[in-house]
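Notes follow once the structure below has been shown.
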Amino acid sequence: MILKEYPFDKYGSSKIRVIADSDCACEGDDAFALAHILITSKFDVQAVTAANFRHQEDSVQKSYIAVRDLLESMDMLDHVRLLKGSLPMRSESDFDISEASEFIVEEAMKDDPRPLFVCVQGAITNIAVALKMKPESGERIHCI
């Protein structure tokens with residue numbers, strides 16, 4: 001029997017490029033899921049991006065603080081890039097560009113043979129804004 005080959009299998013021992021996009025202040029298990037991503041030795045975590053939740057204006061800031069506190073408790077604050085995400089989109093054409101969405105585009109368009117996996121934990125706003133900014137980046141991002 002031949003098992004299906006997944007994209008990450010063909011890179012052997014090299015690490016997988018990952019951005020963790022997290023609404024870390026939303027539910028109780030968010031910090032555990034994010035911690036698992038951060039300690040997975042196969043992952044080359046490029047950044048953690050704070051996501052919004054429940055269309056609350058202060059949710060990105062709450063997520064940012066929760067991620068920062070987690071990184072600090074794991075002694076990783078100085079080793080992992082943390083970026084604020086976009087507020088909820090007001091419409092398909094009315095949205096805020098954030099440092100997170102800019103970074104997602106930048107990382108997706110990098111000349112790197114490894115695919116970029118974005119582990120989305122919550123609202124997919126940061127990805128949606130990135131795709132609005134540069135639609136062709138969508139062909140270079142694998143959302144999980």
Below 4.5 Å, heavy atoms only, C-beta onward: do H142 and V118 meet side chain to side chain?
no
Are R81 and Q46 packed together at the side-chain level, in the sense that at least one heavy-atom pair is separated by less than 4.5 angstrom?
no
Please round to the nearest 0.5 Å and tell me the distance separating atom NE2 of H79 and atom CE of M76.
8.0 Å
Looking only at side chains, do N52 and T125 share a donor and an acceptor under 3.5 Å apart?
yes
Salt bridge K62-D23, side-chain N to carboxylate O under 4.0 Å:
no
Looking at side-chain heavy atoms only, is the closest gap between V18 and D44 below 4.5 Å?
no
Under 4.0 Å between a Lys/Arg side-chain N and an Asp/Glu carboxylate O for E92 and K132?
yes
For A31 and L70 the tightest heavy-atom approach is O-CD2, 3.7 Å
Do you know the tightest heavy-atom contact between I39 and M74?
CG2-CE, 3.4 Å
Flag the pair F53 / S63 as yes when at least one side-chain heavy-atom distance between them is below 4.5 Å, and no otherwise.
yes
Donor-acceptor check, side chain of D21 to backbone of A51, threshold 3.5 angstrom: yes or no?
no
So CG of L82 and CG of L77: to nearest 0.5 Å the spacing works out to 7.5 Å
Indicate whether any N or O donor in one side chain lies under 3.5 Å from an N or O acceptor in the other, for D30 and Q121.
yes
Between CZ on residue R17 and CD1 on residue I19, distance to nearest 0.5 Å:
7.5 Å
Would you indicate whether the side-chain heavy atoms of L71 and S73 approach each other to under 4.5 Å?
no
Side-chain touch L34/V67, heavy atoms, less than 4.5 angstrom:
yes
Linked, directly or transitively: V129 and F103 (ILVMFWY side chains, under 4.5 Å):
no
For side-chain contact (heavy atoms from CB on, under 4.5 Å), just list the numbers for E136 and M109, CA-CA rounded to whole Å, side-chain angles, deciding distance to a tenth of an Å, and then say yes or no.
CA-CA 9 Å; E136 60 271 27; M109 301 310 292; 4.1 Å; yes
Approximate separation, where rounding is to 0.5 Å, of R68 CZ and Q61 CD:
7.5 Å
Cluster membership besides V60, Ile/Leu/Val/Met/Phe/Trp/Tyr side chains within less than 4.5 angstrom, sorted by chain and number, is L87
Under 3.5 Å, is there a donor-acceptor pair between the side chain of S22 and the main chain of C24?
yes
Does one hydrophobic cluster hold both V48 and I16, with members joined at side-chain heavy-atom distances below 4.5 Å?
yes
Say you draw a straight line from CZ of F32 to CD1 of I37; how long is it, rounded to the nearest 0.5 Å?
14.0 Å
Tell me, please, which residues at least two apart from L131 pass side-chain contact (heavy atoms from CB on, under 4.5 Å).
I127, S137
Could you check whether atom CG of D75 has more than 12 heavy atoms from other residues, nucleotides or ligands sitting under 6.0 Å from it?
no
Taking side chain as C-beta onward, heavy atoms only, is V45 less than 4.5 Å from L38?
yes
Transitively linked via ILVMFWY side-chain contacts under 4.5 Å: V105 with I141?
no
Report yes or no: does S91 contribute a side-chain atom to a donor-acceptor pair with the main-chain N or O of D94 at less than 3.5 Å?
yes
Examine I144 and I124 and state if one hydrophobic cluster contains both, with Ile, Leu, Val, Met, Phe, Trp and Tyr joined whenever side-chain heavy atoms are less than 4.5 Å apart.
no
Heavy atoms of S14 and K42 approach each other most closely as O-NZ, 3.1 Å
hydrophobic_cluster_shared for L116 and V80, side chain cutoff 4.5 Å:
no
Between R90 and D96, is the closest basic N to carboxylate O distance under 4.0 Å?
yes
Side chains of M133 and S101, heavy atoms from C-beta outward: is any pair under 4.5 Å?
yes
Can a salt bridge be assigned to the pair K110 and D112 using a cut-off of 4.0 Å between side-chain N and carboxylate O?
no
What is the distance from atom OH of Y64 to atom OG of S59, rounded to the nearest 0.5 Å?
15.0 Å
